[in-house]
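Starting from 1, each residue takes its place in the sequence as its number. Read the numbers this way: they start at 1 and go in the same order the structure lists the ligands and their atoms.
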Amino acid sequence: MKPSFQILIIEDEENICEFMKRVLTAQDYKVYITHNGRDGLSAISSQCPDLIILDLGLPDIDGVDIIARVREWSSSPIIVVSARTHENDKVLALDAGADDYITKPFGTSELLARIRTSLRHSNRLNTDDSVAIRPYHALNLYIDFDRRLVSLGEQPIHLTPVEYKIVTCLAKNSGKVLTYSAIMQEVWGPYIEEDTKILRVNMANIRRKLEANPGAPQYIFTEIGVGYRMLDG
Ligand code: CA
């Protein structure tokens with residue numbers, strides 16, 4: 001029997017805890033639950049979970065503060081669950097070190113997909129010796145990072161150096177949402193201004209080259225007010 005991943009849920013709403021526990025246990029995940037931030041932090045240090053599901057609106061500690069504290073010593077993936085519709089909370093959580101987020105109410109398949117993606121990414125980070133990064137492949141799009149080749153089917157795609165950096169940044173994190181500022185810092189460095197216009201202009205050009213219909217993208221999706229997510233490769 002394969003060892004099961006341990007997932008810690010930090011959430012104060014009992015019915016959501018029960019829903020997630022039922023869904024995750026059925027998938028052979030081992031589930032722990034705490035109902036506030038203080039117990040959550042101590043469970044993280046004592047249990048070392050493989051993944052943390054964190055509600056942003058807890059009774060004692062703000063979820064974003066929890067992320068910042070956990071990231072001082074742990075790289076376990078954190079998926080934020082938020083009832084808040086305010087995009088800025090998601091951005092703050094992601095920039096503090098959360099790996100992804102889902103918004104309540106969410107369905108079973110969305111929850112499981114987010115968990116699988118985050119576990120796969122953290123597993124890859126822990127095992128890859130970063131020399132060989134496997135190519136990205138989804139639908140017709142193929143990216144060979146070693147040879148810096150991008151193609152759609154048989155057709156090579158010519159990207160500018162900046163466009164290529166943006167696409168590879170997203171492709172290496174495919175399935176995960178990346179905030180505008182995370183992408184911009186990766187592509188242009190830490191001193192880039194906050195205005196996202198340069199990124200949006202480049203994205204429009206990228207979509208014209210990659211997408212059959214740039215208005216209804218298949219490969220790179222906009223998470224409104226937050227950033228971009230590339231189709232899982
Ligand atoms: Ca709550």
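Counted within 6.0 Å of NZ on K30, heavy atoms from surrounding residues, nucleotides or ligands total 12 or fewer; the atom is thus considered open. More than 12 non-hydrogen atoms from other residues, nucleotides or ligands lie less than 6.0 angstrom from CZ of R207. For CZ of R148, the number of neighbouring non-hydrogen atoms (other residues, nucleotides, ligands) closer than 6.0 Å is 12 at most.
Closest approach of L119 and Y29 over heavy atoms only: CD1-CE2, 3.8 Å. Scanning all heavy atoms of the two residues, the minimum distance from D12 to H35 falls at CB-O, 3.4 Å.
Ring-plane geometry between Y180 and Y228 is classed as perpendicular, the angle between the planes exceeding 60 degrees on a 0 to 90 degree scale with a lower cut at 30.
The distance cut-off of 3.0 Å around the Ca ion (ligand 1) captures these protein N, O or S atoms, sorted by chain and number: D12 OD1, D55 OD2, G57 O.
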